[in-house]
Structures are given as C-alpha cells and as structure tokens.
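The structure under discussion appears below in the form of structure tokens.
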2 protein chains.
Amino acid sequence: MTTAQHTSKLTARGAATRTRIVAATADLVRRHGAAGTSLDDVMAASRTSKSQLYHYFANKDDLLRAAAWQQTDRIMATQRPELDQLDSLAGLRRWRDKFVAARDEAQNVGGCPLGSLASELADGDPQTRDVLQKCFTAWASPLRIGLTAMRDQGRLRSDADPEALAEAIMAALQGGLLLSKTYRSSRPLTRALDMAIDHVASFATAR
Amino acid sequence: MTTAQHTSKLTARGAATRTRIVAATADLVRRHGAAGTSLDDVMAASRTSKSQLYHYFANKDDLLRAAAWQQTDRIMATQRPELDQLDSLAGLRRWRDKFVAARDEAQNVGGCPLGSLASELADGDPQTRDVLQKCFTAWASPLRIGLTAMRDQGRLRSDADPEALAEAIMAALQGGLLLSKTYRSSRPLTRALDMAIDHVASFATAR
DNA sequence: GAAGAACTGGACCAGCAAGTCCAGTTTCTT
DNA sequence: AAGAAACTGGACTTGCTGGTCCAGTTCTTC
C-alpha cells in the first residue's frame, strides 16, 4: 500500500522493522517537523540502519508520506469515542472540550502534526500533496457524517451543507491550532472552535 | 529596531544593503520556507556576501525575525485600502473577496507567508515566537478596530467581543489558507471566511 | 587629511544531510 | 538441504549548511 513500488513480501520481522521506522518517524516529525528530522535521527530512534530505511522506503519523502498516514491514524484513534458522536451540538462541544483539554495538557507546544506537515510539504511534490489531502479529508469525515445525520434527522435546516460546514470547522481548527501554538495559549483555538460550533448552531431548526 | 544588539549607525549604503538583504530573505522564505532558505541563497539573491549578512544580523534566526516583520509590513501594505474599511459587513466582504481573488491569482500555491513562518518557528526560541505574536496581533489589529467601531456605533450587539471575533477570524483565515494550499483551491479559504463573516453578522443589530 | 568607524569580499571550517554500495545474515520455499 | 528472496550493518561519498575570520575598502568626522 503505502507507496506501491514495494512488491516484495514482508516477513514478520520485516513488518516489525517497518512499523518501528514509521512510528519513530511520525514521533520525531511531530516534535521537530519534517525538515528538522534527519534520517540519522530516525535510525537512532528506531534502532535501524540506513540500508533498512532505504529497503522499506524509496526516499525521505516516501517515508514522510507514511508518517502522515500514521499521524492521521493516531489522531483518529485518540479522538475515537468523540469522533463517532458528532451528530449533535452537544457532541460537537464534547469533542471541542476534549481537544482543547488535550492541547492545554501539552501546554500548547507543537501544533497539529498534520497541519505542520501540510504547511511544510504541501508546496512540494504532488504525490505528497495528494496524501495530505486524503489525510485531511479522512479526518474531516466524521464531522461530515455527523452533520449529515443532523440534517437528515431534521435537526439542521435542509440548506445546511455538511461538506462545507465540515471543511470550515477543519479550517478553524487548523488556524486555531497555529495561533495557539504561537501564543502558547488555548485561547485562540477555543475561540475558533466556538465560532465554528456557533455557526453550525445557526443552522439548527427550532425543535 | 529590528533586534537591538545593533548600536552602530547605518550609512546610506549600509541601509540599502540591509534592506536588500531583508527583502531577498522575505521573498525566499515566502517561496521556500525558512528551512528551505539557506544563507547562500540569500547572498545570491541580494548580491551580498557572508560577512555582510553577519554584519547586519546576529545569525539566521535574527535575519528571519527581520523577514517576519517585513512580511507583515508587506501584507498590510497590500491589503491597505480594504484594511481601513473593516467597519461594516460589506467592508469585511470586500476584504474577503480581494483576499480570495489574490489567492486564486497565485493559483493557491504557497500559503500565508506569516503562517508558514509561524508553523516552522513558533516552537523555536522565545524571541522569535514573540515577534510572530506581535506580527499576528498587528495584522489582526485593523479587524479589531473595525469591529469595535461597529459595536460602538450600535451596529453590533454590545455583547460582541471585537477582540475575540478578530482572533477567530484570523484563525479561520490561517486555517483556510493552509487547507487551500493543500487542496490547491480557494474553496476552503472561502468557506472559512464566509463562516467567520456570518459569525460576525450573527451579532448584528436589527437596524 | 587622518583617525576611526562602517562596510565589504571571500576563503575557510567543521558538521551534518541524503543517498549509495556491498558484503553478510536470516528466513521462506520447494 | 539448498537456492532464492528478504533482510541487515555500516562504511563511504558528495554536497550543502551555518558560522568564523581577517584583510581590505569606503565613508564620516573633526
């Protein structure tokens, strides 16, 4: 999967090594950014050698793409229970609260791992941009699904566009994270998400 | 100003050289990011030498801070007429239209120069983070001023918080730019700004 | 016009980056 | 058991990076 180009089979050991590499890369990238993560760092953190890196990945970009997928998986897993209940304003607010609390716990250091990656790599090669698009879309998906449910159940007006709303929420989220990281305070993130949820609420039906 | 540490006087030639360096740096950083811009690149683009760079700036970080200021100035100058008329919903919409049009013209390549810089550097040294905070605050200032005017003139309800609204709009802007750059389409930016302006509109008084 | 400050040119350095190569080991297949 | 394929170790290359240094030029000031 990951990148094609890899037709060889993976033995159990090989799969474990590959996993270790991706996990280490994702972790390092989250903390130091893509440019700030060298292959030597990855080798050290995953206890592997250059040849192993190049055995499983075509080059650094390829490895970074795998790390982007991994980040997305991790995000989805972390937010899992909340992500499945975004079909009400209360659910959206619970999600926001959890998110903000997590950021505060991290003292608002480091923004969104996916956002940082996108900021750094989205202007690079198209293959990577394509992966980033898919990652964002995947992350926004639960949002879209929840909002669609709300509309179909008549709790949002029929002129509400779940697709557009989900994208706007994601934008508020990303921008909020960026400002929060810059100001080292969850205030901007909170304000951005509050705005986004209020915006959804403005489509709510009377009932 | 820029960084202190520079007590020496600038001759006309010196000032010109310094200006050339900062302009070249800002330009390169806008196109390739901070990590993607080497001092050699700056030297070539500004027709200067290493010693000149280090004569005017303490190190690369110092130079990047100067570039951040320059970016902010440039942004403000570019959006000037619109930025002074953010005291009505119509004014906000004109600003949004101009902004989106500019992004489309650039084919949504490269995001916000300030946003990219923040994403890369906000986790670095505190001095740089401080500059980035000030840059964002300066940029959001016209927004805050316009919204305050609207409220004071009774066109926004008195419970509208211009400070919070301005920050939320800025977040939507940054997030919208990030997604637009990733998707190579102005659609996310448009949706994010529409949401933000609708949010302001939700505080409008009947009149 | 001369001292001193501002400015400039570019050689040089040590460290680190991505990526290559090959020789060797382990595991799968038949 | 043996050949093939998967896997591993790490030395090595090439090029670039931020940063230092110093010798020389231009400008300002008195």
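Keep in mind that this is a model prediction, so the values were computed, not measured. For the numbers below, each heavy atom of this structure counts, side chains included, while hydrogens, waters and symmetry mates do not. Chain A is the first sequence line, chain B the second, and so forth, proteins listed ahead of strands; every chain is numbered from 1.
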Item to check | Atom-to-atom span, CG of B:L53 to P of C:dC7 - whole angstrom | outcome: 14 Å
Checklist entry - According to the interplanar angle, ranging from 0 to 90°, do the rings of B:Y183 and A:F136 count as parallel (below 30°), tilted (30 to 60°) or perpendicular (above 60°)? => result tilted
Next on the checklist: Rounded to whole Å, please give me the gap between CE in A:M43 and P in C:dG19.
Outcome noted: 13 Å
Checklist entry - Do B:R129 and B:D123 meet the salt-bridge criterion of a basic N to acidic O distance under 4.0 Å? => result no
Checklist entry - Charged N to carboxylate O under 4.0 angstrom, B:D130 versus B:K134? => result yes
Checklist outcome for this item: note: A:Y54, atom OH; C:dC21, atom P; distance rounded to Å ~ 12 Å
Item to check | Electrostatic pair A:R65:A:D125 at N-O distance under 4.0 angstrom | outcome: yes
Item to check | Nucleotide nearest A:Y56 (side chain, heavy atoms from C-beta), chosen from D:dG10, D:dC7, C:dT8 | outcome: D:dC7
Item to check | Sugar-phosphate only, base, or nothing, as touched by A:T11 at under 4.0 Å among non-hydrogen atoms | outcome: sugar-phosphate
Item to check | Short side-chain N/O contact from A:T17 to OP1 or OP2 of D:dT8, under 4.0 Å | outcome: yes
Checklist entry - For B:H55 and C:dT8, what is the distance between atoms NE2 and P respectively, to the nearest whole Å? => result 7 Å
Checklist entry - Nearest-Å distance, NZ (B:K50) to C1' (C:dA11)? => result 11 Å
Item to check | Positions of residues 32-42 of chain A (non-hydrogen atom under 4.0 Å from DNA chain C), listed by number | outcome: A:T37, A:S38, A:L39, A:D40
Checklist entry - CZ of B:R18 versus P of C:dT8: gap in Å, rounded? => result 13 Å
Next on the checklist: Does B:T48 reach a base, just sugar-phosphate, or nothing at all? Heavy atoms under 4.0 Å.
Outcome noted: nothing
Next on the checklist: Between A:Q52 and D:dC7, is there a contact of a side-chain N or O with OP1 or OP2 at under 4.0 Å?
Outcome noted: no
Item to check | Length of the line joining B:K60:NZ and D:dT20:C1', which is rounded to integer Å | outcome: 17 Å
Next on the checklist: So that I can tick it off, tell me whether B:D27 and B:R30 are bridged by a salt bridge, with the cut-off set at under 4.0 angstrom between side-chain N and carboxylate O.
Outcome noted: yes
Checklist entry - Looking at B:R96 and B:D194, does any basic side-chain N land under 4.0 Å from a carboxylate oxygen? => result yes
Checklist outcome for this item: note: A:I21, atom CD1; D:dC7, atom C1'; distance rounded to Å ~ 11 Å
Checklist entry - Going by an N to O cut-off under 4.0 Å, is there a salt bridge joining A:R80 and A:D84? => result yes
